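Here the structure comes first, spelled out in structure tokens, and everything after it is commentary.
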Number of protein chains: 2
Amino acid sequence: MRGKLQRKVADPLDDDLLADFKVGVDNVIFSVDTEQNRLLVLLVMRHEDPYMGYWSLPGTLVRQGESLEDAAYRVLSEKIRVHNLYLEQLYTFGGPSRDPREAKDAYGVRYLSVSHFALVRFAEAELIADGVSGIAWYPLNRVPRLAFDHNEILNYGYQRLRNKLEYSPIAFDVLPETFTLGDLYQLYVTVLGEDFSDYSNFRARLLKLGFLEDTGVKTSRGAGRPASLYRFDAAAFEPCKDKPMVFI
Amino acid sequence: MRGKLQRKVADPLDDDLLADFKVGVDNVIFSVDTEQNRLLVLLVMRHEDPYMGYWSLPGTLVRQGESLEDAAYRVLSEKIRVHNLYLEQLYTFGGPSRDPREAKDAYGVRYLSVSHFALVRFAEAELIADGVSGIAWYPLNRVPRLAFDHNEILNYGYQRLRNKLEYSPIAFDVLPETFTLGDLYQLYVTVLGEDFSDYSNFRARLLKLGFLEDTGVKTSRGAGRPASLYRFDAAAFEPCKDKPMVFI
DNA sequence: TTGCTTAATGGTCATTTTAACTATAATTGT
DNA sequence: ACAATTATAGTTAAAATGACCATTAAGCAA
């Protein structure tokens, strides 16, 4: 009986039906330019077919012995030198014929993309230009038609960004180490839209939560009363970790 | 220059590094026994190596020309005959050596699992027993050591269940077509724990939201005043779709 | 200097929501 | 008839929300 069951595993009739996959990792890497209040996404120019000459999300195929997350970190570190970084898995796009290479391939190899979502601090992120061309921060509202199904992936990532911004402290992974409450507010406005909350109420609310530490340092950027620089106090946030934290 | 770039694609040195994958789909299928107030997960007994004799999440390998979602639906329909069904992608587990078959394989084929999260109505779900043995609803707190990394996947699914229960109307995908407010409350209690809310306040809150339609029919289950049967009014819920809906 | 503009900060206050209770109604079982 | 049980329907103090207003401290131009 044992032999019979084991034979089932190796049954070539079953096995021939199965698809063989190459697995890619594509990263939706967001950042925010606090100076210009712009939400940015990192794109790279493709120099290879398919989709040569198109912009795309930075991605790579997963190597032997490499975890998905490792692959995601590898792409990222090939494109950016960065100190602080937030990264999590986003979604897996795997319908057949999402990659034209499938058609060419005699074996019918499928291409699957395990997309990831990343946040970096704009000021601390140094782009690594390999050659002259082909890597840039794009304002989200000016992103062109991308390679593959990358527009769809980007959209999914943007949704995740909006959700996480409301329910978790990822804002502090995008902002510099110290920031004004105005910076924080502007970040929420540029991502969520004008009318998500009154500035004054937003301030009161966040200060009450108790994990924003006033450094005492004041900034003066042009006209107006100078603002205090704040720092995110991760230790003080711990207790709030599981509580709902809705800013909207 | 074009030739040089294209050569890069076909470069065998690059290609040899890449891992070849078989892609599996594993489903975390939850249901709730309203009678006994138990949260259930569907498990199947493995009759093949590896992990022969272990319980596991129902899964399959993705076939040629089949989308991930299709594969997920296929496993499900092989195990259950069900009328109503909620299904969404959960997470992709893809570290190397999560499947012992990788070691045996000369080519170093990797096994990756795109897990899915599903909800079915207990009363309407008819298990399909292929052969005598090997498919059962397990109360979540009595799940044994599962095959592969399926305990981890199950945990991830349970987290998702708890989150979705707070922020979206998935409760009505698990409950029968009509249900009492007590049933609804018990569901929340069994999944989220005793102390998430007072019953009276829970009632008031949900009725105020306006998408629970009183059918007028009364049920009498043993002692006590008979309860009204309610129905989820999907049309009335539409406007609430994007609003936060926290019951906690 | 003086006055105007700008932005940060620190409130007020009516309304709504929450959370902890209490009271009443309609059944079953003795 | 009466207790036990469960559904339903309040009440009420405390907290949170949202729309405002007032003050402070800077830059800038006459």
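So you know, we letter chains A, B, ... as the sequences are listed, proteins then strands, and number each from 1. What you are looking at is a predicted structure, and each value in this text was computed from that prediction instead of being measured. All values below were derived from every heavy atom in this structure, side-chain atoms included, with hydrogens, water molecules and symmetry-related copies excluded.
- In the region residues 221-233 of chain B, proximity to DNA chain D at under 4.0 angstrom, judged on heavy atoms, holds for B:A223, B:G224, B:R225, B:P226, B:A227, B:S228.
- Contact check on A:D183 versus A:R221 returns a salt bridge, with a Lys/Arg side-chain nitrogen under 4.0 Å from an Asp/Glu carboxylate oxygen.
- Taking every side-chain heavy atom of A:R203 into account, C:dA8 is the closest of C:dT27, D:dG10, C:dA8.
- In this structure, B:K164 does not pair ionically with B:D173, as no charged nitrogen and carboxylate oxygen lie closer than 4.0 Å.
- Remark: C1' of C:dA8 and CG of A:D198 are 13 Å apart, rounded to the nearest angstrom.
- Note: NZ (A:K218) to P (C:dA8) measures 12 Å, nearest angstrom.
- Here the P atom of nucleotide D:dA19 and the CG atom of A:D195 are 10 Å apart, to the nearest Å.
- Using a cutoff of 4.0 Å between basic side-chain nitrogens and carboxylate oxygens, B:R162 and B:E166 are not scored as salt-bridged.
- A straight line from OH of B:Y199 to P of C:dT22 spans 19 Å, rounded to a whole angstrom.
- Between the CZ atom of B:F202 and the C1' atom of D:dA9 there is a distance of 17 Å, given to the nearest Å.
- A:N201 places its CG atom 14 Å from the P atom of C:dT12, with the value rounded to the nearest Å.
- Rounding to whole angstrom units, CZ of residue B:F196 and P of C:dA20 are separated by 13 Å.
- A distance-only check finds a donor-acceptor pair linking the side chain of B:R121 to the backbone of B:F172 [under 3.5 Å].
- Computed from coordinates, the A:D183 CG to C:dT9 P distance equals 11 Å when rounded to whole Å.
- Around CZ of B:R142, the count of heavy atoms belonging to other residues, nucleotides or ligands within 6.0 Å does not exceed 12.
- Nucleotides of DNA chain C nearest to B:R205 and A:A204 differ in position, and the one nearer the 5' end is that of A:A204.
- None of A:T219, A:T215, A:D214 except one satisfies the side chain to side chain donor-acceptor pair (under 3.5 Å) rule with A:S228; the exception is A:D214.
- Within 4.0 Å (heavy atoms only), B:K208 reaches sugar-phosphate atoms of the nucleic acid but no base atom.
- Residues meeting the salt bridge (charged side-chain N to carboxylate O under 4.0 Å, His left out) test with B:E194, sequence neighbours left out: none.
- With hydrogens and angles left out, the side chain of A:S200 and the base of D:dG18 share no donor-acceptor pair within 3.5 Å.
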